Amino acid sequence: RKTLGLEVKYDGTVNARVPMRAPREIIERFIREHEAWIIRKRQEWSLAGNNRDDMSGLPPIETKEGKAKIRQYIEGQVEYYAKIMGITYGRISMRNQKTRWGSCSSKGNLNFNCLLMLTPPEVIDYVIVHELCHRKEMNHSGVFWAEVEKVIPSYKEQVKWLKENGGQIIRRMK
């Protein structure tokens, strides 16, 4: 490795990635210089994991009961939005995915990433609506995005949140 890098994980731990022979003083200075960023990232993780009253006390997503609780929450939201949108769907699956937040098959089966529970509720709702909109449009055309916007007018904010924060959540799976 030729560069210095920092990562703040979901549990608040900080990993410094450094060149093999980097002097300790340089590493410590680099961390001190990025202290404000580290604090901000830890706060974001805290908010992402603890900002939902209905999700308090969620068991770890890696456990069987954690996956069941997440599935129950997602199923309720899918049912709610499907009724509003007048859409039917097939089965719902929860997976530990490394690259996707959700998907919709041509048969109407919906897949969601368990890690969604580490995102704010409006992001979860956006991903659910996004996948349900694929029941009307199996593409990302202008018509598709217009359907998303009908239900989630602020969807661009959720897309932005996922672009800025999603990578760090997804890295939890690696």
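Please read these numbers as outputs of a predicted model, since none were measured by experiment. Residues: numbered from 1 along the sequence shown.
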Nearest 0.5 Å, what's the CZ-CD1 distance between Arg24 and Ile27?
-> 7.5 Å

Are more than 12 heavy atoms from other residues, nucleotides or ligands located less than 6.0 Å from atom CD of Gln72?
-> no

Distance col, row Leu132:CG vs Met85:CE, nearest 0.5 angstrom, shows 5.0 Å

Does atom NZ of Lys136 have more than 12 heavy-atom neighbours from other groups under 6.0 Å away?
-> yes

Atom SG in Cys133, atom CD in Glu149: separation rounded to 0.5 Å?
-> 11.0 Å

Could you pull out the closest heavy-atom pair between Ile92 and Arg71, with the gap in Å?
-> O-NH2, 2.5 Å

Side-chain heavy atoms of Tyr73 within contact of Pro121, under 4.5 Å = yes

Arg29 bridged to Glu25 by N-O distance under 4.0 Å = no

Verify the cluster assignment for Val143 and Met138: are they in a single hydrophobic cluster under the rule of side-chain heavy atoms below 4.5 Å apart?
-> no

Please tell me if the side chains of Leu162 and Tyr126 come closer than 4.5 Å, counting only heavy atoms from C-beta onward.
-> yes

Which pair of non-hydrogen atoms, one from Trp101 and one from Val127, has the smallest distance, and what is that distance?
-> O-CG1, 3.8 Å

Can you name the closest pair of heavy atoms from Ile169 and Leu115 and give their distance?
-> O-CD1, 3.5 Å

For residues Phe112 and Ser93, determine if any side-chain heavy atom of one lies less than 4.5 Å from a side-chain heavy atom of the other.
-> no

Which distance, rounded to the nearest 0.5 Å, do you find between the CH2 of Trp145 and the CD1 of Ile152?
-> 11.5 Å

Verify the cluster assignment for Ile39 and Phe30: are they in a single hydrophobic cluster under the rule of side-chain heavy atoms below 4.5 Å apart?
-> no

So His130 and His134, would you call those rings parallel, tilted or perpendicular, with 30° and 60° as cut-offs?
-> perpendicular

With a 4.5 Å heavy-atom cut-off, do Asn113 and Arg95 have their side chains touching?
-> no

Begin with the C-alpha distance, continue with both residues' side-chain angles, and end with the deciding distance and a verdict on salt bridge (charged side-chain N to carboxylate O under 4.0 Å, His left out) for Glu147 and Lys150.
-> CA-CA 5 Å; Glu147 288 294 327; Lys150 283 180 192 174; 3.1 Å; yes

Kindly say whether Leu6 contributes a backbone atom to a donor-acceptor pair with the side chain of Arg17 at under 3.5 angstrom?
-> no

Check: Ile74 and Met94 side chains under 4.5 Å, non-hydrogen atoms | yes

Distance in Å, Cys104 SG paired with Ile87 CD1, rounded so as to fall on 0.5 Å steps | 9.0 Å

Could you give the distance from CG (Asn109) to CD (Glu131), rounded to the nearest 0.5 Å?
-> 12.0 Å

May I ask you to decide if Gly102's main-chain N or O and Asn111's side chain share a donor-acceptor pair within less than 3.5 Å?
-> no

Name all residues meeting the salt bridge (Lys or Arg N to Asp or Glu O under 4.0 Å) criterion together with Lys83; count only those two or more places apart in sequence or in a different chain, and write none if there are none.
-> Glu79

Check whether any side-chain heavy atom of Ile128 sits under 4.5 Å from a side-chain heavy atom of Leu116, and report yes or no.
-> no

More than 12 foreign heavy atoms under 6.0 Å from CD of Glu35: is that the case here?
-> no

Given Leu118, Val129, Thr119, the one that forms side-chain contact (heavy atoms from CB on, under 4.5 Å) with Ile124 = Thr119

